[in-house]
Amino acid sequence: MEASFVVPGPLDVAGTLSRFHLWGEDPVNRFADGVFRRAVKWDGRWRGYEVRFRGGPDSPQLSVSVPGVRRAGAVDAAMAEVRRICGLDLDLPAFYAMAAGDVVLSGLATRLYGLRPTLSPGPFEMLVGSICAQQINLRFAFTVRARLVRRFGEPILMGGQALYAFPEAAVLARARVADLRRMQLTTMKAEYVVGLARHVASGALDLDSLAGRPNDEVIERLTAVRGFGRWSAEWFLARCLGRGDVCPAGDLAVRRAFEHFYGRGRAMSERTVRRRAAAWRTHQNVAIHYLLAGRRLEAQAGAGGGA
């Protein structure tokens with residue numbers, strides 16, 4: 001079954017979804033040859049779906065299909081995920097209006113027109129990915145996460161290749177630390193993943209309920225779980241809950257982007273970065289996404305990779 005809809009722009013679909021292959025293969029989110037594939041759980045089963053798109057960033061049309069399923073509920077579930085993955089509920093026009101008064105952001109808005117942050121459809125998936133990315137580069141983090149997914153996730157054949165549903169908490173709660181160590185997770189990270197999964201599977205940590213709590217409570221709840229600091233909790237607020245008034249200033253990559261664009265290469269403290277970002281109010285999430293993307297563009301250009 002298939003459904004199509006025109007998205008109120010701007011939305012650069014290809015640019016937005018490119019994050020799923022920037023740092024290596026992502027067996028959960030497949031994006032190749034203009035087609036995005038992922039699995040959604042509906043009616044107790046994982047169903048693979050496909051997203052195709054056409055049109056420019058001001059009026060793109062998305063087509064969402066769930067092969068082999070004839071009931072509208074499955075397509076509705078897939079479309080709800082697609083809205084999050086494409087960041088459709090973020091107010092990009094308002095961000096652009098704010099960015100017009102900032103020489104850095106206005107320039108990036110022109111170069112990256114239609115780019116939106118992707119929001120994780122699953123809170124558990126987001127947090128496990130965050131653990132994988134701690135203290136290492138994103139390319140290796142993708143590699144480790146992919147190993148974990150293939151070992152514990154449920155495979156679905158789509159487009160001639162295996163697509164994987166992200167492992168559920170109940171499955172990872174039964175995993176052994178030694179199994180995760182063999183995937184090159186450190187002992188501590190392996191313990192963090194298993195510990196988080198057990199908290200979620202037992203009901204001690206209700207991730208779905210966090211969407212209705214204010215930022216400070218979400219941070220407090222997550223940092224009470226072993227393995228999560230403030231910046232991990234802030235990324236969860238930004239990239240899972242879609243909160244706009246968040247700046248993960250404890251993340252070194254974020255600070256480096258601020259130093260590059262606003263500090264003339266000089267070191268900036270976490271406090272200074274937070275103070276600078278606070279001026280953007282509810283647009284901090286999108287602004288930081290543009291700074292990080294802009295930094296990558298300049299690094300590619302400097303390495304001869306073009307824009």
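What you see is a predicted model, and the numbers here were worked out from it, not measured in a lab. Along the sequence shown, residues are numbered consecutively beginning with 1.
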>> Minimum heavy-atom separation for Ala3 and Met79, please, with both atom names.
In response: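 Looking at all heavy atoms of both residues, the shortest contact is CB-SD, 3.7 Å.
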>> Which heavy atom of Pro167 sits nearest to which heavy atom of Leu148, and what is that distance?
In response: CG-CD2, 3.8 Å
Enumerate the residue pairs fulfilling side-chain hydrogen bond (donor to acceptor under 3.5 Å, both in side chains) with a member in [range], sequence neighbours excluded, ordered by first and then second residue.
| range | value |
| --- | --- |
| residues 3-12 | Ser4-Ser63 |
| residues 252-263 | Asp102-Tyr262, Arg256-Glu259, His260-Glu298 |
| residues 279-288 | Arg239-Asn285 |

If a pair satisfies ring pair (Phe, Tyr, Trp, His ring centres under 6.0 Å) and one of its residues is in [range], list it, with sequence neighbours excluded.
| range | value |
| --- | --- |
| residues 33-69 | Phe20-Phe36 |
| residues 101-132 | Tyr96-Tyr113 |
| residues 126-184 | Trp23-Phe142 |
| residues 72-93 | none |

Mind checking what makes salt bridge (Lys or Arg N to Asp or Glu O under 4.0 Å) contact with [X], not counting sequence neighbours?
| X | answer |
| --- | --- |
| Arg176 | Asp179 |
| Arg296 | none |
| Asp33 | none |
| Arg275 | none |

>> I'd like to know if the side chain of Thr16 reaches the main chain of Val13, judged simply by a donor and an acceptor atom lying under 3.5 Å from each other, with no hydrogens or angles considered.
In response: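 No, because the side chain of Thr16 does not come within donor-acceptor range (under 3.5 Å) of the backbone of Val13.
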>> Ignoring hydrogens and geometry beyond distance, is a side-chain donor-acceptor pair present between Thr223 and Arg230 at under 3.5 Å?
In response: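 Arg230 and Thr223 do not have a side-chain donor-acceptor pair below 3.5 Å.
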>> More than 12 heavy atoms of other residues, nucleotides or ligands under 6.0 Å from CD of Gln61: yes or no?
In response: yes
> Does atom CZ of Arg226 have more than 12 heavy-atom neighbours from other groups under 6.0 Å away?
Replying inline: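 More than 12 heavy atoms, drawn from other residues, nucleotides or ligands, come within 6.0 Å of this atom.
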Just distance, no hydrogens or angles: give the donor-acceptor pairs under 3.5 Å from side chains in residues 208-218, sequence neighbours left out.
{"unit_1": "Ser209", "atom_1": "OG", "unit_2": "Asp206", "atom_2": "O", "d": "2.7"}
{"unit_1": "Asn215", "atom_1": "OD1", "unit_2": "Arg243", "atom_2": "NH1", "d": "2.6"}
{"unit_1": "Asn215", "atom_1": "ND2", "unit_2": "Asp245", "atom_2": "OD1", "d": "3.2"}

> About how many Å separate CZ of Phe31 and CZ of Arg19, when rounded to the nearest 0.5 Å?
Replying inline: 12.5 Å
> With a 6.0 Å cut-off on ring centres, are Phe236 and Phe228 close enough?
Replying inline: no
>> Under the salt bridge (Lys or Arg N to Asp or Glu O under 4.0 Å) test against Glu81, which residue among Arg37, Lys41, Arg47, Arg38 passes?
In response: Arg38
> So Arg174 and Glu168, salt bridge (Lys or Arg N to Asp or Glu O under 4.0 Å) or not? Walk me through it.
Replying inline: CA-CA 11 Å; Arg174 297 191 297 270; Glu168 298 187 73; over 6 Å; no
